[in-house]
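Worksheet: the structure to be examined is printed underneath.
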Amino acid sequence: VDVLVSAAYVPTVTSGSVSVTPEKNLQIGYGVRVGLLSESIVVPGVSFTYLKRDLPTTSITGASGNNSLSINNLKVNTTAWRVVASKSLLLFSFAAGGGMDKYDQSADISANVSSAGFSGNASVAGTAQSMQRTNYFFDAALNLPLFKLVGEVGQVSGGTVQTYNGFQGGRADKSLQYYSVGLRLGL
């Protein structure tokens with residue numbers, strides 16, 4: 001059993017008429033990884049991971065002349081779980097897995113607009129949205145004496161994002177492929 005800890009940092013920033021103000025800059029996440037099956041010469045290792053990661057509650061405001069937009073009490077909470085099978089073969093390692101990501105987000109939004117003698121304001125308190133997505137991935141690693149070079153390819157899909165905007169690349173909730181490369185140093 002491994003205990004997992006993560007950290008998300010949101011800086012306090014004011015640049016011109018835009019400000020980002022978190023309630024606290026650092027939010028600690030937590031989780032656990034449980035080995036379900038130990039790797040042997042023939043059998044891969046299998047593990048289950050659970051991780052709870054949130055962003056600090058944040059407010060974002062921007063203004064231009066008499067116009068302003070405020071997003072207050074912005075909260076993004078995530079929960080993820082994975083089942084992973086992995087196998088090491090001297091110089092190379094491989095892993096494949098899948099799981100689920102759950103996102104819960106909420107905010108209070110307000111806007112003030114004033115133009116050519118007309119003015120108005122609107123507020124929407126407590127907007128909230130939840131989404132659950134499936135995640136599959138495959139990793140390959142090159143194991144060298146002082147470092148490990150790892151590549152990952154994966155796909156995330158599912159869930160629905162309610163939006164009133166159009167996006168050039170398609171819907172915000174469409175299935176997406178992702179790729180990453182990492183370098184891990186060790187002695």
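It should be emphasised that the depicted structure is a prediction, and the values quoted were computed from it without experimental measurement. Computation of the quantities below employed the complete heavy-atom set of this structure, encompassing side-chain atoms and omitting hydrogens, waters and symmetry-equivalent molecules.
The number of heavy atoms from other shown groups lying within 6.0 Å of CZ (Phe138) is above 12. Other residues, nucleotides and ligands place no more than 12 heavy atoms under 6.0 Å from the CZ atom of Phe147. Heavy-atom contacts from other residues, nucleotides or ligands closer than 6.0 Å to NZ of Lys75 number 12 or fewer. More than 12 non-hydrogen atoms from other residues, nucleotides or ligands lie less than 6.0 angstrom from CG of Asp2.
Annotation: the span from Asp54 atom CG to Tyr30 atom OH amounts to 7.5 Å, rounded to 0.5 Å. The distance from the CD atom of Gln132 to the OG1 atom of Thr79 is 9.5 Å, given to the nearest 0.5 Å. With rounding to the nearest 0.5 angstrom, the CD1 atom of Ile109 is 10.0 Å from the OG atom of Ser123. With rounding to the nearest 0.5 angstrom, the OG atom of Ser93 is 11.5 Å from the CG atom of Leu149. Note that the OG atom of Ser70 and the CD1 atom of Ile60 stand 10.0 Å from one another [nearest 0.5 Å]. Annotation: the span from Asp139 atom CG to Glu152 atom CD amounts to 4.0 Å, rounded to 0.5 Å.
In this structure, the side chains of Gln155 and Asn135 stay at 4.5 Å or more apart for every pair of heavy atoms. Using a 4.5 Å heavy-atom cutoff, the side chains of Met100 and Lys102 are not in contact. The closest side-chain heavy-atom distance from Asn77 to Lys52 is below 4.5 Å. Residues Val156 and Thr134 are not in side-chain contact: their nearest non-hydrogen atoms beyond the backbone lie 4.5 Å or more apart. At a threshold of 4.5 Å between non-hydrogen side-chain atoms, the residues Phe118 and Val113 do not count as touching.
In terms of heavy atoms, Tyr179 sits closest to Val153 at CE2-CG2, 3.3 Å. The two atoms that bring Ala111 and Leu69 nearest to each other are CB-CD1, 4.1 Å, heavy atoms only. Taking all atoms of both residues into account, the shortest heavy-atom contact from Gly98 to Phe137 is N-CE2, 4.0 Å. Of all the heavy atoms in Ser88 and Glu39, the pair that sits closest is N-OE2, 2.7 Å. The nearest pair of heavy atoms linking Val42 to Lys87 is N-NZ, 4.1 Å.
Follow the hydrophobic side-chain contacts under 4.5 Å out from Ile28 and you never reach Val32; the two are in separate clusters. Tyr178 is not connected to Leu183 by any chain of hydrophobic side-chain contacts under 4.5 Å among Ile, Leu, Val, Met, Phe, Trp and Tyr, and they are in different clusters. The hydrophobic clustering, which links ILVMFWY residues whose side-chain heavy atoms are closer than 4.5 Å, places Val46 and Val1 together. Under the 4.5 Å side-chain heavy-atom criterion for grouping Ile, Leu, Val, Met, Phe, Trp and Tyr, Trp81 is connected to Leu37 within one hydrophobic cluster. Linking ILVMFWY side-chain heavy atoms closer than 4.5 Å, directly or via other members, places Val150 and Leu4 in two distinct hydrophobic clusters.
For the pair Arg133 (side chain) and Gly158 (backbone), a donor-acceptor distance under 3.5 Å is present. Side-chain atoms of Asn67 come within 3.5 Å of backbone N or O of Ser114 as a donor-acceptor pair.
Ion pairing between a basic and an acidic side chain is recognised when a charged N comes within 4.0 Å of a carboxylate O; Asp101 and Arg53 show no such pairing.
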Test side-chain contact (heavy atoms from CB on, under 4.5 Å) on Asn112 and Asn66; report intermediate values, then the result. CA-CA 8 Å; Asn112 295 305; Asn66 293 328; over 6 Å; no
Please lay out, stage by stage, how Phe48 and Val84 fare under the test side-chain contact (heavy atoms from CB on, under 4.5 Å). CA-CA 7 Å; Phe48 172 81; Val84 180; over 6 Å; no
Leu144 and Leu91: CA distance, side-chain angles, deciding distance, side-chain contact (heavy atoms from CB on, under 4.5 Å) verdict: CA-CA 7 Å; Leu144 297 172; Leu91 193 57; 3.9 Å; yes
Just distance, no hydrogens or angles: give the donor-acceptor pairs under 3.5 Å from side chains in residues 17-25, sequence neighbours left out.
{"from": "Ser17", "atom 1": "OG", "to": "Ala63", "atom 2": "O", "distance (Å)": "2.5"}
{"from": "Ser19", "atom 1": "OG", "to": "Thr61", "atom 2": "OG1", "distance (Å)": "2.7"}
{"from": "Asn25", "atom 1": "ND2", "to": "Val10", "atom 2": "O", "distance (Å)": "2.9"}
{"from": "Asn25", "atom 1": "ND2", "to": "Thr12", "atom 2": "OG1", "distance (Å)": "3.1"}

